S.K.: 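Okay, handing you the structure first.
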Amino acid sequence: MSMPVLSVRNIEKSFGGIRAVNGVSFDVHKGEILGLIGPNGSGKSTLFNCILGQLPPDGGDVSVNGRNVSGMRASDLNRLGVGRTFQQLSVFPKMSVLDNIILAGQEHHGSMLSRLFGPGDAGLTAEAEKLIAFFRLSHLRDTLAGSLSYGQQKLVDAAMAFMAGPSLVLLDEPAGGVNLTMLAGLKERLTAYNAEHGTTFVVIEHNMEFVMSLCTRIIVLSEGSIIAEGTPDEIRANQAVIDAYLGG
Ligand SMILES: Nc1ncnc2c1ncn2[C@@H]1O[C@H](COP(=O)(O)OP(=O)(O)OP(=O)(O)O)[C@@H](O)[C@H]1O
């Protein structure tokens, strides 16, 4: 099999006496949409933060496209082609949709460099315009992000993670708080992006219907450990998963 886009080995993280992540290992291959699910407190966010350089793990390794990135800062990971969305929205409310997405690209290129050497803007506006069209936000291009509906802001937030053509995108509860109509659109656009670009996704999500229909494979965490892994159909039928959710 080809080299994994993301390889996670024996990640461990405790907070005081709480073992939030307890030796988690998995690989994600090019083009996969991997769902990471589990009851509240099962360690999903902590694992994401360890992978993304937001929290130092107590042990373990993370590789992206064969390169060991353990301990690397989030901004450097971003430059290596790792995009992310946050559970909490990261849009700037007083900036337009277009400017928010451009800013996400400036962070990628290094804002000083793009300011110094971008007579135009190093192609960022054109790239942002493409993403705005792709996520069907063209009618909101110049609207202040703060005046959008929550669901629309989640779409902008998602678009921001795709600036600079990442090879891996980690999405933290993309469906959280999004209404049903917007949800269908979000899933359709993410699926289309994955199909067109072969981008690999890892998705944390509580909305089961969304995650089961979006993902090609699911990993289930409970109390910091992987208790099941398989296709959405296999996971739906897995007794250990059902028990973990009922007990949780
Ligand atoms: N900064 C922290 N300090 C202390 N304990 C923490 C911290 N962050 C997480 N924990 C604990 O670690 C465990 C795992 O939490 P985590 O947020 O990773 O789970 P989760 O699966 O993402 O939960 P949720 O689905 O509710 O977001 C929980 O027991 C939580 O209380």
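Order of appearance sets the numbers: ligands from 1, and atoms from 1 within every ligand. Here, residue 1 is the first one in the sequence, and each next residue gets the next number. Treat the numbers as computed from the prediction; the structure is a model and nothing was measured.
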S.K.: For ligand 1, what are the residues with a heavy-atom contact below 4.0 Å?
M.R.: F15, I18, A20, P39, N40, G41, S42, G43, K44, S45, T46, H206
S.K.: Do the side chains of D27 and R9 get close enough for a salt bridge, i.e. N-O under 4.0 angstrom?
M.R.: yes
S.K.: I'd like a table of donor-acceptor pairs (distance under 3.5 Å, sequence neighbours excluded) in which one partner is a side-chain atom from residues 204-215, with atom names and distances.
M.R.:
residue, atom, partner, partner atom, Å
E205, OE1, A175, N, 2.9
E205, OE2, N207, N, 3.1
H206, NE2, E173, OE2, 3.4
N207, OD1, E209, N, 3.2
N207, OD1, F210, N, 3.0
S213, OG, K187, NZ, 3.0
S213, OG, E209, O, 2.8
S213, OG, F210, O, 3.2

S.K.: Output all residues satisfying side-chain contact (heavy atoms from CB on, under 4.5 Å) with R19, sequence neighbours left out; order by chain, then residue number.
M.R.: E12, S14, N22
S.K.: Can you pull out every ring pair (Phe, Tyr, Trp, His ring centres under 6.0 Å) where at least one residue sits in residues 212-239? Sequence neighbours excluded, please.
M.R.: none
S.K.: Does a side-chain N-to-carboxylate-O contact under 4.0 Å join D233 and R236?
M.R.: yes
S.K.: Classify the ring geometry of F135 against F162: parallel below 30°, tilted from 30° to 60°, perpendicular beyond 60°.
M.R.: tilted
